[in-house]
Amino acid sequence: MIDALRREFARRGWEPFAFQKATWDAYGRGESGLVQAQTGTGKTLAAWGGMLIEECGRREAGEGVRGKAGGKTGIRYLWLTPMRALAGDTHKSLVEAAGWVGLGAEGGEAFGIELRTGDTSSAMKVRQRDKPPAVLITTPESLSVMLSYPVMREHLAAVRGVVVDEWHELLGTKRGVQTELCLAAVRGLAAGGAGGADGAAMRVWGLSATVGNTGQALDALLGSGPQRERARLVTSDVGKEYRFEVLIPEAIERFPWAGHLGIRMLEPVLARIESAASTLVFTNTRSQSEIWFQSILRARPDLIGQVAIHHGSLDRDVRTRVEEMVKGGKLRAVVCTSSLDLGVDFPPVDQVIQIGSPKGVARLVQRAGRSGHQPGRVSSIVCVPTNALELVEFAAARDAVMSREIETREALTMSLDVLCQHILTTACGSGPEGMSAEALRDEVRTTHAFAGMSDEQFGWAMDFARQGGQALTAYGRFARLVERVDEQTGEVRYVVANQPLVKLHRLGIGTITSDPAMKVTTRGGAVLGTIEEGFIAKLSPGDVFVFSGRRLRLVKVHQMTAITEPALNVKSGMVPAWAGTRMPLSHELAEAVKVKLAAADGGDFASAEMAAVRPLLELQQAWSALPKPGTLVIERLRSREGYHAFVYPLAGRLVHEGLVALAAYRIAARSPHTFSMSASDYGFELLSQTPFDLDAGAWREVLAAERLTEDLLGCVNQAELARRQFREIARIAGLIVPSYPGQARSARSLQASSELFFDVFSEFDPQNMLLGQARREVMERQLEFGRMKRALEAIGRMEIVIKAVPKLTPFAFPLWVDRLRSQLSSEKVEDRIARMIGHLEDAAGTVAEPEFADLQDAGELPSKARRGRRADGKTKAKVPWRRPRL
DNA sequence: GACCTGCTGCGGTATG
């Protein structure tokens, strides 16, 4: 290690950790790799330390600081981060560290460390074009935009080191795929540029939190080739200690069996907030954060001004202000969503509170890490259950953290929409010289995402980029690439048809798509944030709703903007609902829950949480049985509503949504039934007006893994799902004209055009590979097909236990509530509650269990009873398969 | 006896 750095470390009393030194050494040897470490253990230092050491070495060897590697000026180091805010923070610490080792300035020429994100001014971008910095901190999207400029490609040829921060955040997303493609491009440029000429091949280092599949993380980061073979995995040796505390509800007997809001726990949470100087309160949803924020201030008006709210729909200025206040230690508490999972380099907050299930082990660790965000400090988190079963989830999550059962992040492959975008980006960046399709194909194939790409697939993507594929050939707008034959070599190269297309393409670079939302402003025009169009559409002027921690009255809607004024002296307001995906319980956490339940089944209630839920679990045991590994519990219940079956595979909500449709379909194929359905993270419910009696053998057939694909296609409206999924694909692949920044575009128009493309392709170009991709994405993302298949295979090996139960069991109750909620969602809340209680009394009181069992054994129900069930007019319409998005 | 939810992230241009 160079002296200046060593001195600086000594002055601060730091001794570099072994993993940091290992990274520096590997970096010095020209190797690539992945640094895996928990947040707050110094992994960024591991990455930039290597860079700085190398730069100091170069300087000692007499090379200038800026440029001149191999005689060429250019960007020598690239630092990618998934967030603009992180880019800013990284920039600050890098500049500071460069100062430590005397790289601040040299001969009047500063060692350039610069930022480039969407926030970067055009003046700065122009300067970077004319005079590239030595180190550039940027995002994957900005890197992609850079690759669309011929000049910037020249600068990138000097790159010798790339750091990809928070790689786990990108892995498993299309942003990750885009990063892979960009890295392959930079690698290609560097091989022919100064970095290569310099003798040192381009190194790539990923920085990541713990992931369950490091091998794949490395594959995706480095692609194929020599750098992968010599790749290093450096795991932090810094012991990070976690403390998980669970707030146990006082009156557990009265603690709800279902629900996710948790306001009941307000008082103990308030006590915690008051006991610490600064607290982050994580909630799972934006509206939950609004509700909690309101409730906290209502209960403690003295905290007004000291508590803030932060989530993704709030205006960026508002969020930035909140972040600054947290950094300045001016707030007691911030109620937030994942928006503060990472991204802001806080001084460690005193305390982190998690309201409700984190749904995954990694997320819990991530959030805990926001406290004690320094090597050697304990990170602790206070977990607040919102329903009784979450006590089990928290206990299970803690076990999983201790045994390091962390979720895997599967890298995506063959995302053709991203490839189509990348092809055009590359063409833009190739300028008048044009792009060679063969060279690009070979380069793309070095990525993990497209390693298995066939010539046919690439050819199709090229054709699509060139002229919009078969169906759109006639439209000039999609004639985007022009062939240019080199007269001497006869080689075909591709050039972008015209300059406006280049500009338009740059506008659309990126893989993040979001539902267009309506801006919410005050009368004065101050922007508060955005709310989904559908919510505002339900309101009329004068209506009051809660947003951004305020009560607002809708004045009017004008040009995609909801203009509001403060609503004073109003007690209640609707909390906006945003469209979003429901995060399913992760596989890892679900498995840990099963283990906990098995232990409980054996009488082990060792932890405080398990002791607290004991009465509930014992009730479940007494009335039915506890689901656990190796056992599939199915409950039969007859109520006034009809005939219920509750099944508990514990495979996460998405899988259960698929399974319930599948089970209904297969049962109905045996004999006609109409089912109502519901699904949760624990299991699913089928409800029919007519009895459906299945023994263990029959259930085995209904839940067989064989013919899964065929039957699933039979019961799920895949075409419609794919049609919706296509929106994202159409956007990324460049079919939809992007709107200029700041210009809102209504959800309807966006959807209309993507659906139009979908229909046109379906009819005139059925071989269009983007259609196939939409179907595949539906299977993988919305149905979690792989997990569903594994769940069914596991069920095939399980013992099936069928219990006829007298009333809704603790595990059944949440499912029942969920179904009612979805069916009655248009009714007023009060009516709903009244009805539910009515139902509950029925379910619990009037139906005798033996009768049900007897009747089922007899295979038929007396006609009188059947008529009786129907006479109350509660015939349930079949609930169509739905995914509440859009 | 019990019920009011639904994440995050990015991106364009520019002369004198």
Side-chain angles (χ1 to χ4, degrees), chain A residues 81-87 117-126 129 138-145 148-149 166 169-170 173-175 178 251 253-264 282-292 311-313 336-343 355-360 363 386-388 502-514 532 574-584 616 653 738-742 807-808 810 813-814 816-821 824-825 828-830 832-837 839-841 844 884-885:
Chain A
T81 89
M83 283 178 63
R84 289 180 291 228
L86 270 180
T117 67
D119 294 334
T120 305
S121 69
S122 354
M124 177 65 111
K125 283 178 192 159
V126 169
R129 188 186 64 195
T138 186
T139 60
E141 286 81 5
S142 282
L143 174 57
S144 195
V145 169
S148 76
Y149 289 93
E166 309 280 3
E169 285 290 323
L170 297 169
T173 70
K174 288 188 181 177
R175 298 185 80 196
Q178 181 162 50
E253 335 56 72
R254 288 206 308 274
F255 199 61
W257 292 6
H260 296 270
L261 208 48
I263 282 299
R264 202 174 284 258
F282 280 104
T283 59
N284 284 336
T285 68
R286 286 165 286 182
S287 61
Q288 193 179 21
S289 68
E290 295 275 355
I291 293 169
W292 268 87
H311 60 69
S313 290
C336 60
T337 60
S338 316
S339 54
L340 288 186
D341 265 358
L342 49 92
I355 313 274
S357 167
K359 299 286 181 195
R363 189 173 295 109
T386 60
N387 64 52
V502 173
K503 202 174 150 191
L504 201 63
H505 176 71
R506 286 189 187 126
L507 268 175
I509 285 180
T511 61
I512 297 174
T513 57
S514 38
E532 188 199 312
M574 292 170 79
V575 178
W578 286 270
T581 45
R582 315 184 199 199
M583 287 172 285
L616 180 104
R653 164 164 234 138
S739 59
Y740 272 79
K807 44 187 154 184
L808 290 170
F813 187 77
W816 178 81
V817 167
D818 189 66
R819 176 168 51 76
L820 255 69
R821 184 157 55 227
L824 305 176
S825 56
K828 283 192 142 180
V829 175
E830 302 93 283
R832 230 196 286 178
I833 293 170
R835 270 236 246 159
M836 285 179 186
I837 291 169
H839 277 293
L840 187 67
E841 280 162 3
R885 220 186 143 82

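Because only heavy atoms are used, hydrogens play no part in the values below, and waters and symmetry mates are left out as well, while side chains stay in. Remember, predicted model here, so these are calculated numbers, not experimental data. Each chain gets a letter, A, B and so on, in the order the sequences are listed, and its residues count up from 1.
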(message) Applying salt bridge (Lys or Arg N to Asp or Glu O under 4.0 Å), can you list everything that pairs with Arg84(A), at least two apart in sequence or on another chain?
(response)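 Residues passing salt bridge (Lys or Arg N to Asp or Glu O under 4.0 Å) with Arg84(A): Asp119(A).
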(request) Could you pull out all residues at least two apart from Lys125(A) that satisfy salt bridge (Lys or Arg N to Asp or Glu O under 4.0 Å)? (result)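 Listed in chain order: nothing, the list is empty.
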(request) Measure from the side-chain heavy atoms of Lys503(A) and tell me the nearest of dC10(B), dT13(B), dC7(B). (result)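 Nearest listed nucleotide: dT13(B).
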(request) Look at the side chain of Ser338(A) and decide which nucleotide, out of dG12(B), dC7(B), dC10(B), has an atom nearest to it. (result)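 The answer is dC7(B).
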For [N] and [X] - does any side-chain N or O of the residue sit under 4.0 Å from the phosphate oxygens OP1/OP2?
X: Arg84(A); N: dG11(B); answer: yes
X: Arg286(A); N: dC7(B); answer: yes
X: Ser142(A); N: dG11(B); answer: yes
X: Arg264(A); N: dC3(B); answer: yes

Length of the [atom1]-[atom2] vector between [X] and [N], whole Å:
X: Met124(A); N: dT13(B); atom1: CE; atom2: P; value: 16 Å
X: Leu340(A); N: dG9(B); atom1: CG; atom2: C1'; value: 13 Å
X: Arg175(A); N: dG11(B); atom1: CZ; atom2: P; value: 8 Å
X: Asp818(A); N: dT5(B); atom1: CG; atom2: P; value: 12 Å
X: Leu86(A); N: dG9(B); atom1: CG; atom2: C1'; value: 11 Å

(message) Determine whether a donor-acceptor pair (N or O, by modelled atom type, separation under 3.5 Å) exists between the side chain of Arg286(A) and the backbone of Ser313(A).
(response)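 A pair under 3.5 Å: no.
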(message) Could you report the tightest heavy-atom contact between Arg363(A) and Pro358(A), atom names first, then the distance?
(response)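 So the two residues come closest at NH1-O, 2.6 Å.
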